[in-house]
Amino acid sequence: LDRSSAASDVYKRQLYVTDSATGMVFAVSSSGKVSPWATGDSLSGSPACPAPLPFPMGANGIVMTPAAAFVANTAKGSVVRISILPDGSAGSQVTLFEDCRYVGLDGMALANDGALWIAQNGAPGRLLRMAPSGNVTVVHDGAPLDGPASVAFVDRWDGARSLLVTNAAFFLSLIHI
């Protein structure tokens with residue numbers, strides 16, 4: 001599974017999967033039972049922001065913590081925080097930011113400092129950082145990004161951490177052929 005659209009909750013032994021077409025988050029139990037976990041207007045796609053999307057993509061990238069799920073909405077350029085109730089069900093949804101400048105949000109990763117690092121798909125695409133305060137900054141714009149889709153932190157052999165970014169390569173790679 002693409003980690004940008006699926007997250008595992010080891011506390012509840014569930015897998016959470018976003019569906020960009022329906023704007024839903026599904027929970028998959030350890031026995032394989034699939035059920036809707038979260039839905040709502042904040043997760044649905046919208047044509048309000050002009051973008052070269054094949055359809056108004058909603059819920060996409062997802063990151064889980066013990067207290068909340070963070071979900072990127074591609075078409076709205078937003079990140080939504082969904083609280084996790086004690087029984088594991090979805091609680092309230094709060095849009096942390098929404099801005100048409102950020103249409104194309106895709107995979108996300110959570111840094112040790114609580115910041116979300118977010119791939120913004122597009123030509124060429126950008127890498128964003130949302131601080132725990134909600135402030136969004138562009139960390140990188142341009143090459144070698146080519147439609148960045150997923151991001152992940154990894155611990156290196158020397159004790160440092162690295163951020164990995166995958167490119168969907170829908171855009172610029174066609175120009176170089």
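Numbers here simply count residues along the sequence, with the first being 1. Keep in mind that the numbers below use all heavy atoms, side chains included, and drop hydrogens, waters and symmetry copies.
Pairs of residues two or more places apart, or lying in two chains, that qualify as ring-ring contact (aromatic ring centres under 6.0 Å, His included) and include a residue from residues 47-102 are Phe97-Tyr102.
Under the 4.5 Å side-chain criterion, counting only non-hydrogen atoms from C-beta, Leu110 is in contact with Leu116. For the pair Asn121 and Thr74, the minimum side-chain heavy-atom distance is 4.5 Å or more. Side-chain contact between Val165 and Leu145 is present, with heavy atoms from C-beta onward closer than 4.5 Å. Side chains of Leu43 and Thr18 form no contact here, defined as non-hydrogen atoms less than 4.5 Å apart. Val17 has its side chain out of reach of Val34: every pair of non-hydrogen atoms, C-beta onward, lies at least 4.5 Å apart.
Looking at residues two or more places apart in sequence or on another chain, you find a side-chain hydrogen bond (donor to acceptor under 3.5 Å, both in side chains) between Ser31 and Ser29. For Arg81, the salt bridge (Lys or Arg N to Asp or Glu O under 4.0 Å) criterion is met by no residue, not counting sequence neighbours.
The number of heavy-atom neighbours closer than 6.0 Å to CG of Asp141, taken from other residues, nucleotides and ligands shown, is above 12.
Taking CG of Asp155 as the reference point, atom CG of Asn112 lies at 7.5 Å (rounded to 0.5 Å). Distance check, rounded to the nearest 0.5 Å: CG of Leu164 to OG of Ser150 gives 10.5 Å. Here CG of Asn73 is found 8.0 Å from OG of Ser46. Values are rounded to the nearest 0.5 Å. Distance check: Thr22 OG1 to Met57 CE gives 12.5 Å after rounding to the nearest 0.5 Å. Atom NE2 of His140 sits about 12.0 Å away from atom CG of Leu163, to the nearest 0.5 Å. Remark: Leu105 CG to Lys76 NZ distance equals 12.5 Å, nearest 0.5 Å.
The two atoms that bring Thr39 and Met24 nearest to each other are OG1-CG, 3.7 Å, heavy atoms only. The two residues Ala38 and Gln93 make their nearest non-hydrogen contact at CB-NE2, 4.2 Å. The minimum heavy-atom distance between Arg101 and Arg126, with the atom names listed, is O-NH2, 2.9 Å.
Side-chain polar atoms of Asn135 and Ser133 form no donor-acceptor pair below 3.5 angstrom.
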